Amino acid sequence: DGLEIEAITMPGKQSGSAFSQLRLFLSFLMYCWGLADPACGYFLKNCTIRCNLSDPSNMKVLCYNRTLEVIPLDIPLKVSNLDLAMNKISKIEKLDFTDLSNLKILNMSINQISQVDDGALGHLDALQELGLAHNRLTTLSDHLFQDLANLSLLHLDNNLIATISSSSFQPLSSLKTVNLTNNNLYNMKEVQPIVQLPHLQELYIGSNRFTSFQSQEISNTSIELRLLDLSRNPLEIFRVTADVFPYLEVLDIAYCGQHGCMEWDVLNRSFLSNVNRLNLSGIEMSFERMGMVLQTVNSSLVHLRLHDLVNGSRLKIKGLTDIACQIPTLSVLRLEYNNIGNLSEEFLQSCKHMTEVDISNTGLTQLSEFSFRSIEQISALKLGHNRLSSVPKATRNLPTLKILDLSFNIIHKLGCSDFSNLTGLTQLFLFHNQIPNLQGCVFQDLKELRILKLGSNKILTLNDAFMNGLHKLDTLNLAGKKLSSIRKGEFKSLTSLKNVLLFDNQIASMEDGAFEGLVNLTELQLDSNKITQIDIRNTVLMGLPHLITLDISCNYITYVNDDKLDPPPFSHLTSLENLRIFSQRHKGLSHLPINFLEGLKSLLSFQAGSLNIKDLHPDTFIHTPRLWFLDISKNEFTALTPKLFHPTPRLNRLYLPKARLQSLDFLIEANLSRVTFLQVRKNDITAVNETVLQSLPALTYLDMQDNPFTCGCSDAWFVQWMESDNQTQIVGAGEFTLDLGLYYYISTTCLVLLTLVASFAYHFLKWEVIYGYYLFLLTPHGCQYDAFISYNAHDEPWVLRELLPELEGEQGWKLCLHHRDFQPGKPIIDNIMDGIYGSRKTICVISHRYLESEWCSREIQVASFRLFDEQKDVLILVFLEEIPTHQLSPYHRMRKLVKKRTYLSWPRAGEQTGVFWQQLRLALETKDGSAEENPILSGVQAL
Ligand SMILES: *[C@@H]1O[C@H](CO)[C@@H](O)[C@H](O)[C@H]1NC(C)=O
Ligand SMILES: *[C@@H]1O[C@H](CO)[C@@H](O)[C@H](O)[C@H]1NC(C)=O
Ligand SMILES: *[C@@H]1O[C@H](CO)[C@@H](O)[C@H](O)[C@H]1NC(C)=O
Ligand SMILES: *[C@@H]1O[C@H](CO)[C@@H](O)[C@H](O)[C@H]1NC(C)=O
Ligand SMILES: *[C@@H]1O[C@H](CO)[C@@H](O)[C@H](O)[C@H]1NC(C)=O
């Protein structure tokens, strides 16, 4: 033990004063606390924690996609959002979620859950969202959702649910949305308890096995029910004979029925008088009956989907459209996936009120010139995914039109009158056609156009395509396919342009002044072209005073050395904040010229990964003092010089994975005091020096996975650092610890614990943030009790038979005991807080069992917060039994460290208890003073 004990003297400069001893003691307690209830950044083996120190009540714990078979044991109790989706969990056991009283969102979707113990979710009083979709539940039993009175969203879709117990949903008085899509429900009665919930708004029961929907099977439905999704059920009949959902707004019965003969029996039109969205797509119902359906909703319907009417001939679809268009309130008609082919003048003649018509994917080859003429207020026309070979005349002269979608057709020419008189058009989608070069007159009437998408066509050069009109255009998408060059001034009339997307073309040359005139341009995407270093010249990139983002990734830019460029390529881009140049084709950039970034005084983010660069000159970043984000991953550095980072004091995020780094020692002298995020996975790092991490005081995220660490005792500090540092989240820490598993577990009880105390003292200031949070929650109380007793259940007989009669009976103190004084129904932590803050002292009754379990309990935590917070002498430790030294080593050491605290030990059997009670009385009599001013019982030996 000798060696281990020596470890405690490590933080030499602090070990003198009593206050530092107090700190050490507290640190130890906080270590316990850390185990029981990790703080932000604390690592968990199977999960990562996301949270903000300034708002710890928003802690997210992410354990998704980890092949977990059971729910992890070490979930922090403060968690508010827990994601366990995509694992292999097969059941939820009774105690899995005890004490997660702050949990608001629990996602367990995509697991193999077939069993949930009664009451297993019962402790989650605060739960608002529960995800159990994609599991193997077959029944929902009586007590499944017991106590979830705050639940508002429940996902149960894609299970095997066939029966729902009549009382299982009863507790869910706040439930608003239930998704039971794709289960095995067949009897509408199963759903009755759900529709009766007072606040139910949305019910999804599509893709089940219901064969009928009859209003007499459901009664007393929630008057808040707005949405009912019954789609894809083999309904034979939909019958409403009473006003069961007076406020229903959305009804989805798409793909219902079988063999084309679903019946519709709605006695009274007023029964569905608020339905404004209706989906009748793919429904197996005769056209006559569909007409009746439309009649039923004919005073409220706004949005109608009639997709994919499998057996619908053009004539029938036209007939149905006519009925629909008679509905005076209807404004959106969607006819996708029908076989229309040729849109005659009459087809939409009755649709005068429509504002949006969607006839994408309908095999259109021809449209009559007057197809849309009768639609006076047409605002959006969707004609994508058809076989139109030119822009139809029908879409001209529609001054109210705002959105025209002609994407995914086979348009192979654009004429000067194609968009004539579309003076109100703001969005025009022409991508995925066969449009060749453009004439200057094409867009001349589009004075209001804001967004033009022309990508994936056959445009080779722009010539004067954008010389007329388009003065308000802010986004131009020309991505994809064949554009090969940009000549001077081709965009110059597009004075409002903010975003130009030219990625995925064949651009191999850009003339000087290619982008001149684009004074408001903020984003230019030139990635995945054939640009070489010759095109990256300051004369090409001039006249862009407001450019913020430039992407020239995946091109053919290469430098043979890192000599200065004259002039530097980006010298005019004084507003540029983001420069992306990663992954050049062929050889990569190979070298980054010293002054490559000269002029980029606003640069915040530089992404330069996969460039095959071996070395960066120390002056690389001298022109970019504001740099905040740097990604130079996947290069061939074996080492980096610390000087590289001296000009970038604001650097916050550093990505260096796969960069062949052999060491992180360059960070020590790099002055990266603001780096919060460091990614160095997949390098060749074999060891990490403690000073490296000390040189990154702001670090909150560190990923060092997949490095060939050599394991040895010299890395012990790292294991401790990982576990003790409450600020930094370490990804892959679990793996790392497993490598060191043997060492770690064997020594947990001795060396690690002791040195942890030391390292905690070192990191102590970080804890203050966490304390602060708790103290903020704690409001001072007047003292109701003289002492709060913290003990293990096994020692209860002693407490009740010995302690209580003496202290309350003989000495007359007022004690606080859980089983007696805790208020039922109040969260346990609040009770403890109240107990400890409502008492002058806290007595910990220490035994083997107490050390094993209670020592790290919340009572100790809270008492220690208080001790720290108020610097009061509140803690009295009573040792109930002798504890062998080897087992007590850390605690023994502790006792010495805190010998000014009050220690008492219960006399052995047969010995007098008088002195013990006398000492305890003195301890309880001690006034609240600071630790230093309490000499009364110092030196009382416990063991
Ligand atoms: C889940 O994890 C596997 C292996 O770690 C990974 O390949 C996969 O992409 C992940 N899936 C999702 C949806 O994140
Ligand atoms: C982490 O997951 C593994 C595999 O499911 C499991 O064996 C282990 O107990 C888990 N660890 C914790 C702390 O829950
Ligand atoms: C309901 O579940 C289905 C099937 O998983 C899903 O497609 C749909 O988006 C879900 N709806 C809601 C509102 O969660
Ligand atoms: C545009 O509208 C004007 C006025 O209504 C009309 O005279 C002209 O013929 C229209 N242009 C085309 C190409 O239809
Ligand atoms: C550039 O944008 C500003 C602010 O949005 C605007 O006032 C100005 O007119 C624009 N310049 C041009 C040439 O469109």
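Remember, it's 1-based here, ligands and their atoms both numbered in the order they're listed. All of these numbers come straight from a predicted model, not from anything done at the bench. Each residue takes its place number in the sequence, starting with 1.
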(message) Quick check on contacts: which atoms of ligand 3 are under 4.0 angstrom from a heavy atom of D157?
(response) 2 (O), 4 (C), 5 (O)
(request) Quick one: look up the protein heavy atom nearest atom 14 (O) of ligand 4 and list residue, atom name and how far away it is. (result) N397 ND2, 2.9 Å
(request) Around atom 1 (C) of ligand 1, find the nearest protein heavy atom and jot down its residue, atom name and distance. (result) N65 ND2, 1.4 Å
(request) Give the residue, atom name and distance (to 0.1 Å) of the protein heavy atom nearest atom 13 (C) of ligand 1. (result) M86 SD, 3.8 Å
(request) Would you check if K176 and L153 make a side-chain contact, meaning some heavy-atom pair closer than 4.5 Å? (result) no
(request) Check whether the side chains of D308 and Y255 place a donor and an acceptor atom closer than 3.5 Å, and report yes or no. (result) yes
(request) Using protein heavy atoms only, decide if any is under 4.0 Å from atom 5 (O) of ligand 3. (result) yes
(request) Would you tell me which option among T181, N179, L180, D229 has the nearest heavy-atom contact to atom 2 (O) of ligand 3? (result) N179
(message) If the threshold is 4.0 Å, N to carboxylate O, is there a salt bridge linking E356 and K382?
(response) yes
(message) Please determine whether any non-hydrogen atom of N158 lies less than 4.0 Å from an atom of ligand 3.
(response) yes
(request) State whether the shortest distance between N or O atoms of E202 and N or O atoms of ligand 3 falls below 3.5 angstrom. (result) no
(request) For atom 12 (C) of ligand 4, find the nearest protein heavy atom and state the residue, atom name and distance (0.1 Å precision). (result) S420 OG, 3.5 Å
(message) When you compare the side chain of F419 with that of L401, does any pair of heavy atoms fall below 4.5 Å?
(response) no
(message) With heavy-atom distances below 4.5 Å as the criterion, would you say the side chains of F443 and L438 are in contact?
(response) yes
(message) Just verifying a value: how many Å separate L414 CG and L454 CG, rounded to the nearest 0.5 Å?
(response) 7.5 Å
(request) Starting from atom 8 (C) of ligand 4, find the nearest protein heavy-atom neighbour and note its residue, name and distance. (result) N421 ND2, 3.6 Å
(request) Given side-chain hydrogen bond (donor to acceptor under 3.5 Å, both in side chains), test N158 with N182 step by step and report yes or no. (result) CA-CA 5 Å; N158 295 288; N182 204 12; 2.6 Å; yes
